[in-house]
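Note that these values count all heavy atoms, side chains included, but never hydrogens, waters or copies made by symmetry.
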Amino acid sequence: MAKNLSASNIEAETQSGLTLVDFWAEWCGPCRMMNPVLEALEKKYQGQIKFAKVNVDTNQALAQSYQIMSIPALILFKDGVAKEKVVGYKPQEAMEKYLDSKLAENNETN
């Protein structure tokens, strides 16, 4: 299950490997649509990519520090560094293509 992050633990939780962090809110319809997609992806990529969540309502300063203007927003971290942001709902197939390409890039650099 995706780990809930806040300002106190985001650095530690994203410091090694690939971590996809979902910035979301309870009231956000597209965020609720994205949730089952992310749950399926988490199962598929278990052991390869970590998945985490940040509730923007309870972590507003953290969301601002990553320039979250629209949600859902997914930020891909590599070894503690925010590398890319994907904004808006994306179907599972599109997310799988994206994550497969990021894993391939990661394997080439390691």
Asker: What heavy-atom pair brings Ala25 and Ile71 nearest, and what distance separates the two atoms?
Answerer: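 Between these two residues, the closest heavy atoms are CB-CD1, 3.6 Å.
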
Asker: Using every non-hydrogen atom in the two residues, find where Met34 and Gly88 come nearest and quote the distance to one decimal.
Answerer: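 Closest approach of Met34 to Gly88, heavy atoms only: SD-O, 4.4 Å.
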
Asker: Of all the heavy-atom pairs spanning Gln92 and Ala40, show the shortest one and how long it is.
Answerer: OE1-CB, 3.5 Å

Asker: Are Ile49 and Val21 co-members of a hydrophobic cluster defined by side-chain heavy atoms under 4.5 Å apart?
Answerer: no

Asker: When you check the side-chain N and O atoms of Asn35 and Trp24, is any donor under 3.5 Å from an acceptor?
Answerer: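 There is no such pair between these side chains.
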
Asker: Please say yes or no: joined through hydrophobic side-chain contacts below 4.5 Å, possibly via intermediate residues, are Val56 and Ile75 part of one cluster?
Answerer: yes

Asker: Do Lys102 and Glu84 have side chains that get closer than 4.5 Å, going by heavy atoms?
Answerer: yes

Asker: Within the structure provided, determine whether Lys44 and Glu96 are in side-chain contact (heavy-atom separation under 4.5 Å).
Answerer: yes

Asker: Is the backbone of Ser6 close enough, under 3.5 Å, to the side chain of Asn9 for a donor and an acceptor to pair up by distance?
Answerer: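 At least one qualifying donor-acceptor pair exists.
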
Asker: How close do Leu20 and Met95 get, heavy atom to heavy atom, and via which atoms?
Answerer: CD2-CE, 4.1 Å

Asker: Please find the pair of heavy atoms, one from Val54 and one from Asn59, that lie closest to each other, and give the distance.
Answerer: CG1-CB, 3.8 Å

Asker: State whether the side chain of Tyr98 and the backbone N or O of Lys90 hold a donor-acceptor pair below 3.5 Å, judged by distance alone.
Answerer: no

Asker: Would a hydrophobic clustering, with Ile, Leu, Val, Met, Phe, Trp and Tyr connected at side-chain separations under 4.5 Å, put Val81 with Leu74?
Answerer: no

Asker: Yes or no on side chain to side chain contact (heavy atoms under 4.5 Å, CB included) for Phe77 and Leu18, after CA distance, side-chain angles and deciding distance?
Answerer: CA-CA 6 Å; Phe77 285 80; Leu18 294 176; over 6 Å; no

Asker: For the hydrophobic clusters of this structure (ILVMFWY residues joined by side-chain heavy atoms under 4.5 Å, transitively), does one cluster hold both Leu38 and Ile68?
Answerer: no

Asker: Within the 4.5 Å heavy-atom criterion, are Phe51 and Asp22 side-chain neighbours or not?
Answerer: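 Result no, sub-4.5 Å side-chain heavy-atom pair not found.
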
Asker: Enter the distance from Asn106:CG to Leu99:CG here, rounded to the nearest 0.5 Å.
Answerer: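 So the gap between those two atoms works out to 11.5 Å.
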
Asker: Quiz question: by atom type and distance under 3.5 Å, do the side chains of Glu11 and Gln15 form a donor-acceptor pair?
Answerer: no

Asker: Considering all heavy atoms of both residues, which atom of Asn55 and which atom of Asp57 are nearest to each other, and what is their separation?
Answerer: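 Of all heavy-atom pairs spanning Asn55 and Asp57, the closest is OD1-N, 2.8 Å.
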
Asker: Are Val87 and Met33 joined in one hydrophobic group, where the rule is that I, L, V, M, F, W and Y side chains link up if heavy atoms are under 4.5 Å apart?
Answerer: no

Asker: Taking Ser16's backbone N and O only, do any of them form a donor-acceptor pair with Lys50's side chain (distance below 3.5 Å, no angle check)?
Answerer: yes

Asker: Could you tell me whether a side-chain N or O of Glu42 sits under 3.5 Å from a main-chain N or O of Ala2, the two making a donor and an acceptor?
Answerer: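 The answer is yes, because a donor-acceptor pair under 3.5 Å joins these two groups.
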
Asker: Below 30° counts as parallel, above 60° as perpendicular, anything between as tilted: where do the rings of Phe23 and Tyr66 land?
Answerer: tilted

Asker: Please indicate whether Gln48 has more than 12 foreign heavy atoms, meaning atoms of other residues, nucleotides or ligands, lying under 6.0 Å from its CD.
Answerer: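 For Gln48, atom CD is crowded (more than 12 foreign heavy atoms under 6.0 Å).
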
Asker: Drop me the distance from Lys3's NZ to Leu5's CG, to the nearest 0.5 angstrom.
Answerer: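 Lys3 atom NZ to Leu5 atom CG measures 8.0 Å (nearest 0.5 Å).
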
Asker: Using a strict cut-off of less than 4.0 Å between a Lys/Arg side-chain nitrogen and an Asp/Glu carboxylate oxygen, indicate whether Lys78 and Glu105 qualify as a salt bridge.
Answerer: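 No, Lys78 and Glu105 are not salt-bridged.
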
